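Written below as structure tokens is the structure these notes are about.
Note that this is a predicted model, so its numbers are computed, not measured. Read the numbers this way: they start at 1 and go in the same order the structure lists the ligands and their atoms. Positions are given from 1 along the sequence.
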Amino acid sequence: MSILEKLIQLESEAVSKAESASGLEALDQIRIQYLGKKGSLSEVLKGLGSASPEERPKIGAAANLAKAKVEAALEAKKVKLEGLALEQRLATEQIDTTVLARQAHLGALHPITQTTQKLIKVFSRLGFDVVTGPEVETEFLNFEAVNIPADHPARDMQDTFFLGPGVVLRTHTSAVQMRAMRSKSWPIRVLCPGAVFRCDDDATHSPMFHQIEGLWVDRQVRMSDLKGTLEFFAKELFGSSTQIRLRPSYFPFVEPGAEVDVSCPFCKKNPKGGCKVCKGSGWLEILGAGMVHPKLFQMAGYEATEISGFAFGLGIERIAMLMYGIPDLRLMFRGDMRFLKQFA
Ligand code: DAH
């Protein structure tokens, strides 16, 4: 058989095999068998050397044609098989409309942020503006300027993170009330939220926590104004039946000073057999407050004698724990999604 005849035979063999191929894989096998590097068509062309010079171009052209025809047959069959496969899939596949959609995970504000915003909202209704100060504070503004002398226990190395001589991580937001007074003249009514730092770490203390400081300075601000302000805040936060009480206490920056309790929002001051949160006392301590110490006015450069003011400072974590019933302070800083998801 001449090379030409051989080519024609191979071509028709390959085309008919392609046409009757049962699947895409079989089709691929046919391609390899006839068109591959070691396929039958290539093998035949190896005999080209023995053909006469006049015949060679004819054989070359015939080989190219045979290749093209086989390729076309393979391609046509491939399209057909793919079409069939798709039809089959469409006929058998079903969409289960009862499958639940994949849920998008939306982030949410941290409970500390939510609580801070809530507190700001309540106090802004009484005309308080928000001001902030730096977390890295001078020892002077954090302590001296708010009447905490050098030998005060609060300045002990154990409580304060010192960053360098005269520079600390602020231990309370009271430093910001001093900043506010030094930068603005009275009357002044500000709320200072922010992170504060102390060398402390257990179930009820974190080395970083948050406070809000309130300050109201004007002509004739009285203790009763402080009480009214705090009562409004307590009722807004814990419900209209909430009561507050002031117990005398000492803070260097106020005189007189008080610790302020709210009636327990859980047992409503009715701890039959003992409420766990207020430990059966019916009251919860939530903040420190008092009338601004005259020394602070001096430090701020407020010279007028007719001014007076009140200040208060509260721990935001403590309020958040009460509002949401969070049992352990440390939960708030662990970034555990199971905890955080509850505040979405
Ligand atoms: N600075 C106090 C603390 O960190 C809280 C405080 C108490 C702030 C009484 C005040 C205040 O403004 O009058 O514990």
- [ ] Collect the protein residues that have a non-hydrogen atom under 4.0 Å from ligand 1 and hand them over in chain and number order.
- [x] His172, Ser174, Gln177, Arg198, Gln211, Glu213, Phe251, Phe253, Val254, Gly288, Ala289, Gly290, Ala311, Phe312, Gly313
Task: With Phe123, the ring pair (Phe, Tyr, Trp, His ring centres under 6.0 Å) member among Trp216, Phe232, Phe128 - done: Phe128
Task: Members sharing Leu100's hydrophobic cluster (side chains within less than 4.5 Å) - done: none
Task: Atom pair CD1 (Ile326) and CD1 (Ile112), whose distance is rounded to the nearest 0.5 Å - done: 7.0 Å
TODO: Check the angle between the aromatic planes of His110 and Phe333 and answer parallel, tilted or perpendicular using the 30° and 60° thresholds.
DONE: parallel
Open item on the list: For the residue pair Gln211 / Thr173, report whether a side-chain donor-acceptor contact shorter than 3.5 Å exists.
Closed with: yes
TODO: Look at the side-chain heavy atoms of Ile, Leu, Val, Met, Phe, Trp and Tyr, link any pair under 4.5 Å apart, and say whether Leu109 and Leu119 land in one connected group.
DONE: no
